[in-house]
Each structure stands twice: as C-alpha cells, then as structure tokens.
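Read through the structure below, which is laid out as structure tokens, and then see the notes.
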Amino acid sequence: MRVLLDTHLLLWAAGSPQRLSRTALVVLKARDTALFFSAASVWEVVIKNGLGRADFQVDPSRLRHGLLLHGYEELPITGEHALAVRALPSLHKDPFDRILLAQAQSEGLTLLTADRELAAYGPPCKLV
C-alpha cells in the first residue's frame, strides 16, 4: 500500500507515536507500505509553528530530515495537484488538507487521516 499521511498523523508518527491508533500503527509498520509525506505538510508546520500553535511545536527542518532518514518519500506540490483542488467538493475548508487530498487522488495514494471531516470525502481517504 502507498500511503500519504496528513500533517497531524505525520507529526504523531515522528514525535508522539503513542497518539496513533492501532490501525494507523499496523499500516505504518507493514512491510509492504510505502510512506509518503507532502511538501504541503512541511509548509503547514512552518506556518503554524511560526504562529505559535502548541500542536506544531517542532522544528520543520528536523522533521523533514527525520522523515527522509526513516524512509519516507517526499511528494512535491505540482501544478496538476493545485488544479485538482478545484474539483473537490467543499466538505472541508482547510487548504492544506485539500491539497493533500488532491495529491493522493492524482498520485494513486491512500491518504491516512484522523480527521473525520477529511475522511468524509471517502476514498482515497482512510480514517485511522
């Protein structure tokens, strides 16, 4: 399975694995799982860290470096991804989550999330 983690799952996997559900841990630890993170998640961490958000108190450079060291593949944001956002229904207003969903759809990835609003889009989102 090829999975893209939403930003909160990415932060939990990197620094607070005890916050991950049992289902998420099974998927992340499976030998056949290819793990991806989006440049959009790094951007979101930079912005929200700069705003002083308590749930984003992580050094974005260290986060990115650690993910790459642990075998995650970085997914850049392309024009195709940006254009795919406009085809999404307005179920979720967060622009970071919307670009992650568009990336997952465009790249044939499963988007893992703990966000019920985002999961309401259905496949390729998977609530874990």
Side-chain angles (χ1 to χ4, degrees):
M1 177 185 293
R2 295 167 18 103
V3 299
L4 175 64
L5 278 68
D6 79 1
T7 306
H8 275 101
L9 284 182
L10 200 62
L11 289 171
W12 297 344
S16 301
Q18 70 279 5
R19 295 195 66 184
L20 294 168
S21 71
R22 181 180 206 78
T23 304
L25 287 170
V26 167
V27 172
L28 295 178
K29 292 181 177 186
R31 287 183 182 256
D32 64 339
T33 298
L35 300 168
F36 291 81
F37 72 96
S38 173
S41 290
V42 176
W43 181 26
E44 182 176 12
V45 170
V46 167
I47 289 171
K48 293 180 178 176
N49 177 279
L51 294 172
R53 288 259 312 253
D55 53 341
F56 286 86
Q57 293 306 306
V58 61
D59 180 317
S61 297
R62 288 185 61 201
L63 173 65
R64 180 180 178 271
H65 181 73
L67 292 168
L68 292 170
L69 279 177
H70 284 91
Y72 285 74
E73 187 173 333
E74 186 171 21
L75 184 61
I77 301 168
T78 67
E80 178 185 344
H81 299 148
L83 291 170
V85 169
R86 70 180 170 181
L88 298 175
S90 294
L91 301 177
H92 198 298
K93 303 297 184 198
D94 184 301
F96 295 107
D97 287 336
R98 291 173 62 80
I99 194 69
L100 292 175
L101 176 56
Q103 287 182 296
Q105 288 176 335
S106 297
E107 302 298 328
L109 303 171
T110 298
L111 177 59
L112 297 184
T113 186
D115 181 340
R116 291 191 184 282
E117 278 185 64
L118 184 55
Y121 280 100
C125 291
K126 179 178 172 93
L127 186 66
V128 293

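This chain uses plain numbering: 1 for the first residue, then up along the sequence.
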>> By the salt bridge (charged side-chain N to carboxylate O under 4.0 Å, His left out) test, which pairs, at least two apart or in different chains, include something from residues 110-128?
In response: none
> What residues join L111 in its hydrophobic cluster, counting side-chain heavy atom gaps under 4.5 Å, either direct or through other members?
Replying inline: L4, F36, L75, L88, L91, L100, L101, L109, L118, Y121
>> Would you compute the distance between atom CD of E73 and atom CG of L68 and round it to the nearest 0.5 angstrom?
In response: 9.5 Å
> Any idea which heavy atoms bring C125 and A119 closest together, and the distance?
Replying inline: CB-CA, 3.9 Å
> Sequence neighbours excluded, which residues qualify as salt bridge (Lys or Arg N to Asp or Glu O under 4.0 Å) partners of R53?
Replying inline: D55
> Ignoring hydrogens and geometry, is there a side-chain-to-backbone donor-acceptor pair from T33 to V27 under 3.5 Å?
Replying inline: yes
> Residues in side-chain contact (heavy atoms from CB on, under 4.5 Å) with V26, at least two apart?
Replying inline: none
>> In this structure, would V85 and L83 fall into the same cluster of hydrophobic residues linked by side-chain contacts under 4.5 Å?
In response: no
> Can you list the residues that meet the side-chain contact (heavy atoms from CB on, under 4.5 Å) rule with R19, with sequence neighbours excluded?
Replying inline: W12, S16
> Any idea which heavy atoms bring S90 and R98 closest together, and the distance?
Replying inline: CA-NH1, 3.9 Å
>> For residues 90-115, which residue pairs pass the ring-ring contact (aromatic ring centres under 6.0 Å, His included) check, not counting sequence neighbours?
In response: W43-F96
> With sequence neighbours excluded, what pairs up with T7 under the side-chain hydrogen bond (donor to acceptor under 3.5 Å, both in side chains) test?
Replying inline: S41, E44
>> I'd like to know if V58 and I47 are part of one continuous hydrophobic network [Ile/Leu/Val/Met/Phe/Trp/Tyr, side-chain heavy atoms within less than 4.5 Å].
In response: no
>> Let me confirm one number: the NE2-NE2 distance from H70 to H65, rounded to the nearest 0.5 Å.
In response: 9.5 Å
> Looking at residues at least two apart in the chain, or sitting in another chain, which of them share a side-chain hydrogen bond (donor to acceptor under 3.5 Å, both in side chains) with E107?
Replying inline: H81
>> Less than 4.5 Å apart, side chain to side chain, heavy atoms only: is that true for L11 and L63?
In response: yes
>> For A102 versus A84, what's the shortest heavy-atom pair and its separation?
In response: CB-CB, 3.8 Å
> Do you know which two heavy atoms are closest between A24 and S21, and how far apart they sit?
Replying inline: N-OG, 3.0 Å
>> In the structure I gave you, are the side-chain heavy atoms of Y72 and L35 within less than 4.5 Å of one another anywhere?
In response: yes
> Among all residues two or more places apart in sequence or in another chain, which pass the salt bridge (Lys or Arg N to Asp or Glu O under 4.0 Å) test with R64?
Replying inline: E74
> What residues form a ring-ring contact (aromatic ring centres under 6.0 Å, His included) with F56, not counting sequence neighbours?
Replying inline: H8
>> Filter on salt bridge (charged side-chain N to carboxylate O under 4.0 Å, His left out), then keep only pairs touching residues 22-36, sequence neighbours left out; what's left?
In response: none
> Do L112 and L28 come within less than 4.5 Å of each other through their side chains, counting heavy atoms only?
Replying inline: yes
> salt bridge (charged side-chain N to carboxylate O under 4.0 Å, His left out): which pairs involve residues 76-89, sequence neighbours left out?
Replying inline: none
> About how many Å separate CG of L10 and OG1 of T113, when rounded to the nearest 0.5 Å?
Replying inline: 11.5 Å
